[in-house]
Amino acid sequence: MKLKQLLTPKISRRSFVKGGSILGGITAITSGIALPFASRSASAAPQPATTEDKVVWSACTVNCGSRCPLRMHVSNGEIKWVETDNTGDDEYGNHQVRACLRGRSMRRRVYNPDRLKYPMKRIGARGEGKFKRISWDEAFTEIADNINRIKKEYGNEAIYLNYGTGTLGGTVTKSWPPGGSLIARLMNLNGGYLNHYGDYSTAQIAEGLNHTYGGFAANNSPSDLENTKLIVQFGNNPAETRMSGGGVIHHFMEGKAKSNARMIVIDPRYTDTAGGREDQWIPIRPGTDTAFIAAMAHVMIKEDLVDQAFLDKYCVGYDEKTLPASAPANSDYKSYILGLGGDNTEKTPKWASTITGIPEDIIIKTAREIGSTKPCAIIQGWGLQRTANGEIASRAISMLALLTGNVGINGGGTGAREGSSSIPFVRFPTLSNPVEASIPMFLWTDAIVRGPEMTATKDGIRGKEKLDVPIKFIWNYAGNCIINQHADINRTHTILQDDSTCEMIVVIDNHMTSSAKYADIVLPDLTTSEQSDFCMDASAGNMPYFIFASQAIKPQFEARSIYDICTGLADKLGVKEAFTEGRDQEGWLRHLYQLTRAQDPSLPEFDAMREQGIYKRKVDEHFVAYKEFRKDPEANPLKTPTGKIEIYSEKLAELASTWTLKKDEVIHPLPIYVPNFEGYEESKTGNYPLQLTGFHYKARAHSTYGNVSILKDAAPQEMWINPMDAQQRGINNGDLIRIFNDRGEVHIAAKVTPRMMPGVVALGEGGWYAPDGQRVDHGGCINVLTTQRPSPLAKGNPQHTNLVDVQLVKKA
Ligand SMILES: Nc1nc2c(c(=O)[nH]1)N[C@H]1C(S)=C(S)[C@@H](COP(=O)(O)OP(=O)(O)OC[C@H]3O[C@@H](n4cnc5c(=O)[nH]c(N)nc54)[C@H](O)[C@@H]3O)O[C@H]1N2
Ligand SMILES: Nc1nc2c(c(=O)[nH]1)N[C@H]1C(S)=C(S)[C@@H](COP(=O)(O)OP(=O)(O)OC[C@H]3O[C@@H](n4cnc5c(=O)[nH]c(N)nc54)[C@H](O)[C@@H]3O)O[C@H]1N2
Ligand code: SF4
Ligand SMILES: [Mo]
């Protein structure tokens with residue numbers, strides 16, 4: 001969600017002077033004299049200053065939902081230590097965007113032993129990790145020859161840009177969305193590429209709530225929590241997933257401190273966001289939030305706590321009054337809740353209690369509290385939608401906001417994820433893609449195996465009725481989704497082993513990751529520290545900002561920037577002039593910034609911006625999602641087919657009747673409870689009794705930073721398990737355990753903790769896959785256990801929906 005308004009900047013250059021030492025920009029620290037570092041801790045060892053000492057603004061551009069400035073202390077061409085934002089008076093609204101421990105360990109990523117040093121070509125089997133060193137020219141020739149050959153044999157639709165978010169915060173270096181990357185520009189000058197839509201983050205919610213609100217659903221900004229009385233968090237953990245000092249958690253804490261609102265956290269895990277700030281933690285079985293919501297709706301209807309006037313005026317399909325003409329009788333939400341909708345089941349607290357694991361009286365009390373506390377902010381993270389029926393679950397959460405009429409008002413909310421603002425910035429032009437087909441991002445392994453069988457109504461192919469060719473060539477830039485981050489690693493391994501199917505994989509990364517091991521050609525990229533770029537697009541609440549990251553050190557080894565890599569390839573492919581337009585990377589930065597400043601002359605000049613490193617803007621008003629619609633729904637209709645909030649969606653009814661679905665798959669016009677495949681119900685009857693859910697862990701941004709040893713020590717990779725489940729299996733805290741299902745096996749230490757609800761275990765995603773050749777992973781990589789079966793509507797990744805069992809391997 002982006003704010004449209006262009007706002008007046010509140011930051012002056014004066015703000016960038018602190019404690020008497022000017023540390024903004026690439027300020028040389030003068031010859032021989034060590035200046036007092038205002039923000040450096042007293043215990044940090046003083047570094048002898050030399051003529052080459054300098055402090056350079058850089059950034060952390062990984063996909064953690066935040067984005068932080070880093071101040072690199074460089075001496076003799078080497079980063080010696082890393083600090084973060086020290087600008088301004090640090091008053092809220094002009095606060096410092098302080099990096100987390102991950103960003104502050106950037107030096108250990110730049111100088112990591114895993115760094116890729118030169119271009120390499122595979123010599124062993126795919127995935128074996130055997131390579132030989134080649135020259136850049138050989139690499140370019142090999143890639144260009146294969147592109148030309150595959151284009152000729154199969155057409156450009158066979159060339160795929162895989163998902164990769166390792167540097168999505170950059171501008172020149174931007175790795176996602178694929179269409180925004182320099183690889184897209186290169187391919188668009190060469191006939192185009194097979195695109196993807198959706199993402200591993202939000203596939204199900206983007207599709208689900210689109211049918212409710214129209215477009216990517218917005219919610220109020222977290223600072224608006226200062227106006228609320230009650231905060232209800234579903235599957236949301238900003239203390240871990242929006243960690244920086246400029247991120248959502250900061251606005252959330254400030255807002256909540258002002259209102260002192262009560263907070264209820266609904267999550268199978270007691271999260272860091274709960275962490276003592278919550279008034280109530282309601283543990284819930286993964287994938288069952290829809291049943292919880294339905295039962296709360298039951299209480300609200302029975303006890304007259306529903307905002308009928310809001311539902312009548314703004315919504316479609318709550319009851320028969322607003323049901324569309326095409327809908328059958330009794331197909332409204334109220335009838336579903338009261339058991340009049342055909343399933344003859346009243347969605348009582350008792351009914352929901354057996355499904356969710358939440359005691360009946362808690363369901364009743366929570367419904368009463370939410371129904372009678374106004375305003376109430378209902379917020380969901382993305383955890384509960386990264387599940388088998390995540391589309392429906394995301395829509396169900398919004399039902400709470402609708403039943404209580406909280407949409408479009410201060411202190412209220414929509415049930416979507418927190419809103420954020422950004423400063424409009426002109427992006428690298430990547431030109432248009434002549435290939436119209438796109439696939440759901442999760443189905444690329446299927447598109448290798450059965451591309452031409454994949455259709456619009458069976459597999460969600462867009463832009464075309466069906467694919468004509470399978471994927472034959474994969475670009476993988478700044479992504480670890482070939483292996484580590486994509487589901488069911490053993491299936492992917494089998495598919496990629498056969499290099500007659502997908503014929504070429506090119507990986508461009510900084511490190512030898514598990515994905516890089518599956519490359520045919522590996523190209524070493526620069527880190528952010530070795531080049532200059534504009535960095536932005538954080539979830540920054542009410543203080544959007546951007547960073548000018550300057551080159552801190554020389555390129556390491558033979559690594560080259562993505563701009564130079566694409567330029568070299570463009571030369572081999574005969575499109576160099578069109579690709580560069582005569583500019584180098586610095587030339588493009590100046591050009592794009594000039595275009596941005598033409599839109600918004602209040603921004604600092606290029607050189608001043610480089611010097612000051614970070615630019616912040618205060619947004620005075622809290623963002624209230626759908627405020628205009630609430631004021632006048634006729635004049636400001638939503639982007640749904642009816643212009644209203646669609647509780648009953650005719651479009652979904654149409655898809656339900658025209659798409660090919662498996663027996664246990666449901667697309668439904670209403671957010672009804674549907675058991676997940678591999679959900680709680682199956683855990684009672686199948687071979688695997690424990691629900692395994694994932695979470696985004698503070699030790700890493702996905703897999704990035706996963707090879708920094710001090711971070712691994714600070715937040716070890718462990719599987720969370722409740723003491724009751726552990727005791728049944730003879731497991732104590734710290735014991736080595738095996739987690740397994742039909743797809744694979746992981747050996748890792750157990751964290752035995754009441755912070756995990758019984759019957760559910762959890763493993764942080766992004767642990768580095770470390771197989772032993774016997775199909776056992778020793779790195780704690782959850783994707784050994786996840787499925788590639790997509791969700792029914794978005795065809796998204798249900799990576800938090802898994803069944804497993806756990807056994808003791810060795811006592812600690
Ligand atoms: N089981 C499970 N799997 C999941 C998830 C889950 O919740 N559970 N979450 C999913 C989600 S939401 C996402 S967004 C994806 C993320 O998946 P990815 O986008 O693959 O994220 P990372 O694992 O961080 O991989 C980023 C890669 O970029 C590299 N990189 C970092 N900086 C640079 C750079 O400057 N240049 C280059 N060339 N490379 C760089 C890193 O070394 C790393 O290999 O994972 C998904 N996978
Ligand atoms: N430190 C760190 N921060 C990150 C990332 C990272 O890897 N590391 N990744 C970033 C990215 S790309 C993304 S997309 C976001 C992801 O942000 P989210 O998707 O919101 O994060 P998750 O940790 O996957 O899920 C949030 C919570 O949902 C809970 N949950 C899981 N299933 C259910 C369920 O069925 N019901 C309920 N009520 N709760 C459930 C989990 O236990 C977890 O605590 O985080 C971003 N921030
Ligand atoms: S990982 Fe995220 S919060 Fe931490 S420094 Fe990097 S951008 Fe900031
Ligand atoms: Mo994500």
Side-chain angles (χ1 to χ4, degrees), residues 11 13-30 33-62 64 66-90 94-111 167 169-170 243-247 250 526-536 538 540 543 545-554 604 607-616 705 708 710:
I11 315 288
R13 292 287 309 283
R14 171 191 55 78
S15 311
F16 297 92
V17 180
K18 182 177 179 177
S21 64
I22 299 166
L23 294 176
I26 356 179
T27 312
I29 304 193
T30 67
I33 310 157
L35 287 180
F37 293 103
S39 57
R40 216 171 99 200
S41 78
S43 60
Q47 303 287 312
T50 72
T51 44
E52 287 182 76
D53 280 5
K54 55 182 180 174
V55 183
V56 185
W57 280 104
S58 185
C60 177
T61 57
V62 299
C64 75
S66 300
R67 210 119 298 142
C68 297
L70 301 174
R71 286 165 41 253
M72 302 303 199
H73 290 249
V74 178
S75 176
N76 291 323
E78 197 184 322
I79 303 167
K80 295 291 185 185
W81 77 94
V82 178
E83 289 183 307
T84 183
D85 190 9
N86 63 346
T87 62
D89 53 15
D90 205 24
N94 180 24
H95 48 273
Q96 293 173 359
V97 179
R98 299 200 198 138
C100 78
L101 284 186
R102 298 184 295 273
R104 291 174 199 231
S105 74
M106 179 66 92
R107 193 171 67 88
R108 294 164 199 265
R109 201 143 70 76
V110 174
Y111 301 120
T167 176
M243 274 177 91
S244 101
H250 194 74
L526 300 184
T527 63
T528 313
S529 305
E530 292 150 74
Q531 60 189 318
S532 298
D533 203 0
F534 283 106
C535 308
M536 63 202 72
M543 193 192 72
Y545 56 87
F546 63 84
I547 303 157
F548 193 144
S550 293
Q551 185 180 358
I553 53 167
K554 286 206 194 89
D607 291 319
M609 187 53 223
R610 168 171 269 169
E611 173 107 348
Q612 77 182 48
I614 182 164
Y615 174 85
K616 307 169 192 171
Y705 289 105
V708 174
I710 50 165

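Sequence positions, counted from 1, serve as the residue numbers for this chain.
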### Task
Output all residues satisfying ring-ring contact (aromatic ring centres under 6.0 Å, His included) with Phe534, sequence neighbours left out; order by chain, then residue number.
Phe425, Phe548, Tyr593
Report the distance from atom [atom1] of [X] to atom [atom2] of [Y], rounding to the nearest 0.5 Å.
| X | Y | atom1 | atom2 | result |
| --- | --- | --- | --- | --- |
| Ile547 | Lys616 | CD1 | NZ | 10.0 Å |
| Gln531 | Ser550 | CD | OG | 11.5 Å |
| Ile553 | Asn76 | CD1 | CG | 13.0 Å |
| Ile79 | Thr527 | CD1 | OG1 | 6.5 Å |
| His95 | Asp89 | NE2 | CG | 11.5 Å |
| Glu530 | Lys554 | CD | NZ | 12.0 Å |

Taking all atoms of both residues into account, what is the closest heavy-atom pair of [X] and [Y], and its distance?
| X | Y | value |
| --- | --- | --- |
| Asp53 | Ser75 | OD1-OG, 2.8 Å |
| Met609 | Pro604 | SD-CG, 4.0 Å |
| Thr528 | Ala59 | CG2-O, 3.7 Å |
| Gly247 | Ser66 | CA-OG, 4.1 Å |
| Arg98 | Cys68 | O-SG, 4.0 Å |
| Ser244 | His250 | O-CB, 4.5 Å |

Strictly distance-based, threshold 3.5 Å: is any side-chain N or O of [X] a donor or acceptor partner for the main-chain N or O of [Y]?
| X | Y | value |
| --- | --- | --- |
| Arg71 | Trp57 | no |
| Thr84 | Pro69 | yes |
| Gln96 | Thr87 | yes |

Quick one: does [X]'s side chain get under 4.5 Å of [Y]'s, heavy atoms only?
| X | Y | answer |
| --- | --- | --- |
| Tyr545 | Asp85 | no |
| Val56 | Ser58 | no |
| Arg108 | Val82 | no |
| Trp81 | Arg104 | no |

### Message
Could you go through Arg109 and Val62, starting from their C-alpha distance and side-chain angles, then the distance that decides it, and tell me whether this counts as side-chain contact (heavy atoms from CB on, under 4.5 Å)?
### Response
CA-CA 12 Å; Arg109 201 143 70 76; Val62 299; 3.4 Å; yes
### Worked verdict on Tyr705 versus Cys100 for side-chain contact (heavy atoms from CB on, under 4.5 Å)
CA-CA 12 Å; Tyr705 289 105; Cys100 78; over 6 Å; no
### Task
Decide yes or no on side-chain contact (heavy atoms from CB on, under 4.5 Å) for Met106 and Ser529, but give the supporting numbers first.
CA-CA 9 Å; Met106 179 66 92; Ser529 305; 4.1 Å; yes
### Query
What residue among Arg107, Lys80, Glu83 forms side chain to side chain donor-acceptor pair (under 3.5 Å) with His73?
Glu83
### Message
Working note: Arg67 + Met536, criterion side-chain contact (heavy atoms from CB on, under 4.5 Å); need CA distance, chi angles, decisive distance, verdict.
### Response
CA-CA 7 Å; Arg67 210 119 298 142; Met536 63 202 72; 5.9 Å; no
